[in-house]
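Encoded as structure tokens, the structure appears first; notes follow it.
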Amino acid sequence: MKKYDPSKTEKKWQEAWKKAGIYNTPDQIEAKKNQYILTEFPYPSGNLHIGHWYAFSIPDIYVRWLRMQGRYNVLYPIGFDAFGLPAENAAIKYGKSPKAWTRSNVEYMTKQLETMGATFDWSRVIDTTDPKYYHWTQWLFLQLFKQGLVYRAKALANWCPSCKTILANEQVIQGHCDRCNTEVVQKEVEQWMFKITDFADDLIDELEYLDWPKPTKTAQENWIGRSRGAKIKFKVKDTDKEIEVFTTRPETIFGATYLVVAPEHRLLKQLESKIENKAEVQEYIDKTLAKTERDRISEAGVEKTGVRLEGLKVVNPLSNKEIPVWIADYVLGSYGTGAIMAVPGHDERDFEFATKFKLEIKSVIKSPTGELPYLGGGELENSGPYNDLSAGEAISEIIKILEKNNQGRATTIYRLRDWSISRQRYWGVPIPMVRCEACARLDPSGQGYQPIDEENLPVELPDLEDFKPSDDGQPPLARAGDWLKVKCPKCGGTAERETDTMDTFVDSSWYFLRYLDPQNDQRFAEENRIKNWLPVDLYIGGAEHNTMHLLYSRFITKALQTAGLLSFSEPFTRRLNHGIILGPDNQKMSKSRGNVIDPDEVVIEHGADAVRMFLAFMGPYAQGGPWSKTGINGISRFIKRVWTLAHTLSSQTNPVSLQTLHQTIRAVGEDIGELAFNTVVSELMKALNVFEEQGVAQSEFEKYLKLLAPLAPHLTEEIWQTVLGHKNSIHLENWPDYDPDIAKVNSIRLILQVNGRVRDSIPVAPGVSQIEAERIAQESEKLSPYLKDKKIIRVIFVPDKLINLVVG
RNA sequence: GCCGGGGUGGCGAAAUGGUAAACGCAGUUGACUUAAAAUCAACCGCCUAAUAGGCUUGCGGGUUCGAGUCCCGCCCCCGGUACCA
């Protein structure tokens, strides 16, 4: 027997499989159901890390198992999400172009990915920086534009001073840039926006139908942040102006003892002449606006500040009571209407503020303890005609009367903001718009922006010598010379191209469509293929995409459905989040900590099969966990033992091994189906222990080998073909069936309990009757001391499990 | 604060309300070897008066014949989010 050498063997089979093209997926196979298994495509950072192995080789176990079912035509594609800032930064550092840097990384990582022995369909690989791909990213932009889902807005935007670009709200993590961690500042910029808020309700409501992890659904729901309530207008006394507030508790309106507007509220300017303490107010406004949003938040909870607007009163539309108006930074200009009716009796923040500034605090909901603020529900009090109504009744009554008098209406607001997709950077998809001065003069509202004709796509990204961002926020493409000049698609005059590029999340929001038809230059994907494959059956990825990528992809899908281009509204039927592999010290892997595990080194030492199996064995896939340098030894041993066993097969069937095999077929199939890969490995180990002890015949071992094939594709192929002499790949074999009769256990241990405590266990044949079990229990010597002089009050019998004698 | 997830041997972990710690790692002892590695075998939660018994799944209660698992109240760790009206 030769020693098993993974490095040689694995390479040999990887080349053989590639040559035979056994994983290239046909569009449709008669009598087979299509299954689309997708994993989030990687960013070509330069090197594969162990997390990539976790993300791609573990789903491959499931994919290989699905393929072996024989009923499915399985698509498992791979590609690269290759636009983005790191390429620019690296290019600056190494003096290369972003394109060259990206290309060489893609090539290198492709080689590394091949060492996994995964069943990727390499004929469908995509690269978002390829003009053949981003042609359709631009086309997608134009479809949204046609639908009115794209607009330009000059608004305060999140600006990263280090990346020198705008960020979407989703890309700001606790006030910092999600890429470089620099503190984000607010800057007024003109930007292209996608109207994701148009779909806010669908994005929440349709979560219900998805087979997704609950945390992911909750995260999306919270991110969209739907609040049902009412907008209510308060008249400003002695003026024709009104201040509109948003509240989720309109039933507390009689408890509104003052009103607060945000310091950035635009009505303040219009009411300026009425304000008596102008200087003081202006000072407060200036102070607030000078703070970054982060400062304002970090001071939260410390102490509330605010200034009363002297000379201003507003009138409560229902009680007609006149109440004072304040400005305070605890009310935000960017949420709701930027103004609130303060109900200190029933809101913690209002209560704190009212206490500090000695404002009236009034109870309008009967509190069980009488303590304020009272946040719960109940019957109304001190509320004129609404007294004694329940909160629910009061809400509808109050909204009815407000609507009748045109003083308010039921409203739902969202935390979700529209998606800003403009980036002032070079390495991204050019936005397919032009700005035409002539058209701008004719129609100033449209600012002269015209979409590029679809037949003129793609707008290729020009090669730039100097692609660095400039400090003033001018995009690098503004220096692109001739590239800028273009004929206006509308009037034919001279126009200039848009110089912003798109957020890379746009690239990745539709890539699952392109895998179906990556070479098509007539359409983003051929209609039949879409019908055959979509939606994606299982989408596997990291929890960090819970509120960004997943939300954006859902939005794009809904937008394309509205345009009649897709017939479904949710892209991913089932979602699985995988965990993160930590360093051996249980910390996130990082160069500075020196705890990074290089998968290439582990593959050289133990082989790809061992890495795959060990990652599967570590624990639940959703959990991740620390990498153990010695733990993988156990898997290497297992592989060697399987190899040895393959050379020492017994000439005849052993009944114990046969039974174990059938039990293992059942267990492994069930566990892979539930994506519980860790217990799959232990089941296979248990079976191996039995086979070694009892001996196993070739026919049984071959079935066992098929169970192992999804986890250790190279080892099993080598044994299947080289050792056992089969001519075809084991990976084209069908998954073995088990015989329930053989798998059935023929002896169980009956547990004997007295008063719920285990006192003995006796091997018996399955199906033992209660009467028989009672007799066995009575006869047990170990039980007798506990039964002596006691009366049996009750007998609990769980068939084939236990008998419990309750004595007193 | 709020929303999610988690807390089981030295470590990774397993366990439809039914023998807690399966399967591994690490460790100890032994066999083989001139020796080491590899391999194989045995042991491997804690306590004790030790052929046996008791205790043990973050803490405190509860439901149940029986709780790691269900319920109530806490503590700690991780992730997300935040004066969101």
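On a predicted model such as this, the values are computed, not experimentally measured, just so you know. So that the names make sense, note that chain A is the first sequence line, chain B the second, and so on, each numbered from 1. Values below: every heavy atom of this structure, side chains too, minus hydrogens, waters and symmetry copies.
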Note: contacts of residues 335-350 of chain A with RNA chain B (heavy atom, under 4.0 Å) are A:Tyr335, A:Ile340, A:Arg349
Check whether any side-chain N or O of A:Arg415 sits under 4.0 Å from OP1 or OP2 of B:A82, and answer yes or no.
-> yes
Output yes when at least one side-chain N/O atom of A:Arg249 is less than 4.0 Å from OP1 or OP2 of B:A85, else no.
-> no
Please tell me which of A:Asn586 and A:Asn755 maps to the more 5' nucleotide of RNA chain B, matching each residue to the nucleotide holding its nearest heavy atom.
-> A:Asn586
Watson-Crick or G-U pairs under 3.5 Å in RNA chain B, rendered as dot-bracket with [ ] for crossing pairs and | for another strand | (((((((..(((.....[....))).(((((.......))))).((((...))))..(((((..]....))))))))))))....
Looking at A:Arg637, does any N or O in its side chain come under 4.0 Å of the phosphate oxygens OP1/OP2 on B:A26?
-> yes
When rounded to the nearest 0.5 Å, the distance separating CH2 of A:Trp223 from CZ of A:Arg417 is 10.5 Å
Going by modelled atom types, is there a donor-acceptor pair between the base of B:G5 and the side chain of A:Gln623 at under 3.5 Å?
-> no
Using a cut-off of 4.0 Å on non-hydrogen atoms, how would the nucleic acid contact of A:Phe353 be classed: base, sugar-phosphate, or nothing?
-> nothing
Classify the side-chain pair A:Glu40/A:His545 by whether it contains a donor and acceptor separated by less than 3.5 Å.
-> yes
Indicate the ring-plane relationship of A:His578 and A:Tyr621, choosing parallel, tilted or perpendicular according to the 30° and 60° boundaries.
-> tilted
Does A:Asn633 make a side-chain N or O approach to OP1 or OP2 of B:G24 shorter than 4.0 Å?
-> no
Reckon A:Val798 touches a base, only the sugar-phosphate, or nothing at all at heavy-atom distances under 4.0 Å?
-> base
